[in-house]
Amino acid sequence: MQVLQVQLEVGADPAEVGRARRWARSRLAGSGIGDDEPLAETLILLISELVTNAVVHTGCPAVLRMLFGGPGVRVEVADASDRAPARRQACGEDTGGRGLELVDGLADRWGWQREGAGKRIWCEIDRGRKAESDAATNGAEASAAPAEAAPCRSSEVHTSVREPRVYL
């Protein structure tokens with residue numbers, strides 16, 4: 001199977017998040033995922049959250065990668081900070097603290113791993129989601145086994161795999 005990988009270097013400036021979103025939209029369109037598709041909107045939100053986390057919480061430049069091929073789209077954000085990502089509990093009107101909860105709720109799989117002196121956070125969205133949703137709407141059963149996380153060069157890998165979801 002052929003996998004297309006594209007990447008963008010992101011500076012350690014919160015203004016870079018908007019540039020990363022625009023870049024990602026153009027790459028999604030180039031891969032055949034239309035701007036108006038729910039998959040595109042979900043991927044852009046995930047990219048926005050992961051890049052924001054890397055830039056704001058580490059203060060380091062990052063590299064955004066998108067991999068197309070196989071059953072879905074994989075997004076990776078690598079940064080030079082060795083600090084592990086941490087879920088925070090947002091309260092009421094807090095303006096932050098929801099990023100990893102969003103990633104966990106929207107991605108089919110996600111995780112992180114140490115990479116050199118830093119880390120890489122990744123998430124995957126299955127392209128077959130719309131087909132699963134259409135099949136469920138038509139009364140047919142849809143099932144998909146979650147794919148295994150990509151192999152890692154490090155011994156420390158943290159993942160979260162969600163059960164397949166059906167959207168009506």
Side-chain angles (χ1 to χ4, degrees), residues 1-11 13-56 61-79 85 98-113 115 118-153 157-168:
M1 161 189 9
Q2 187 172 1
V3 175
L4 171 65
Q5 175 179 312
V6 293
Q7 73 178 35
L8 173 71
E9 292 183 20
V10 180
D13 177 356
E16 289 282 275
V17 177
R19 186 173 74 88
R21 281 193 299 265
R22 289 187 299 278
W23 177 85
R25 280 189 193 284
S26 71
R27 296 317 179 268
L28 290 171
S31 75
I33 300 173
D35 212 23
D36 59 344
E37 291 183 46
L39 177 61
E41 290 303 315
T42 301
L43 285 164
I44 295 300
L45 179 55
L46 290 166
I47 286 165
S48 185
E49 289 300 328
L50 293 179
V51 171
T52 297
N53 284 351
V55 171
V56 171
V63 176
L64 165 62
R65 291 183 196 98
M66 294 193 309
L67 294 89
F68 302 94
V73 178
R74 181 179 176 108
V75 172
E76 300 177 350
V77 176
D79 63 56
R98 295 174 178 85
L100 289 178
E101 291 300 322
L102 279 170
V103 172
D104 188 51
L106 294 172
D108 291 304
R109 290 164 298 284
W110 75 279
W112 71 277
Q113 57 202 63
E115 184 173 86
K119 67 182 168 305
R120 177 174 25 144
I121 301 175
W122 58 268
C123 64
E124 296 175 342
I125 298 285
D126 294 332
R127 281 187 165 188
R129 245 189 217 188
K130 182 175 178 353
E132 290 173 14
S133 176
D134 291 347
T137 302
N138 294 328
E141 286 189 30
S143 65
E148 292 182 25
C152 171
R153 292 174 282 197
V157 178
H158 307 268
T159 62
S160 175
V161 178
R162 301 188 65 81
E163 291 299 314
R165 292 168 284 178
V166 176
Y167 297 93
L168 303 176

Testing the basics here: between [X] and [Y], what is the closest heavy-atom pair and its distance to 0.1 Å?
X	Y	answer
Val10	Arg19	CA-NH2, 4.1 Å
Glu16	Gly11	OE1-N, 2.8 Å
Ala62	Asp79	CB-CB, 4.3 Å
Gln113	Trp122	OE1-NE1, 3.6 Å
Leu64	Ala20	CD2-CB, 4.1 Å

To the nearest 0.5 Å, what is the distance between [atom1] ([X]) and [atom2] ([Y])?
X	Y	atom1	atom2	result
Leu43	Arg127	CG	CZ	9.0 Å
Glu9	Trp23	CD	CH2	11.0 Å
Trp110	Leu50	CH2	CG	8.5 Å
Gln7	Leu67	CD	CG	9.5 Å

Applying the side chain to side chain contact (heavy atoms under 4.5 Å, CB included) test to Cys123, which of Leu46, Leu106, Val77 qualifies?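 The side chain to side chain contact (heavy atoms under 4.5 Å, CB included) with Cys123 is passed solely by Leu46 among Leu46, Leu106, Val77.
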Considering only residues two or more places apart or on different chains, which pairs with a residue in residues 63-72 satisfy salt bridge (Lys or Arg N to Asp or Glu O under 4.0 Å)?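 Listed by first then second residue: Arg65-Glu76.
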Go through the structure and list residues passing side chain to side chain donor-acceptor pair (under 3.5 Å) with Thr52, not counting sequence neighbours.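 Thr52 satisfies side chain to side chain donor-acceptor pair (under 3.5 Å) with no residue once adjacent residues are dropped.
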With side chain to side chain contact (heavy atoms under 4.5 Å, CB included) as the test, would you mind laying out the steps for Arg21 and Ile44 before giving the verdict? CA-CA 6 Å; Arg21 281 193 299 265; Ile44 295 300; 3.8 Å; yes
Hey, does Arg74 have a side-chain heavy atom less than 4.5 Å from the side chain of Val3?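 Side chain of Val3 against side chain of Arg74, heavy atoms only: no contact under 4.5 Å found.
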Heavy-atom check, side chain of Asn53 versus side chain of Ile121, under 4.5 Å: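 Not in contact.
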For residues 27-35, which side-chain N or O atoms pair as donor and acceptor with protein atoms under 3.5 Å away, sequence neighbours left out?
residue, atom, partner, partner atom, Å
Ser31, OG, Leu28, O, 2.8
Asp35, OD1, Arg25, NH1, 2.9

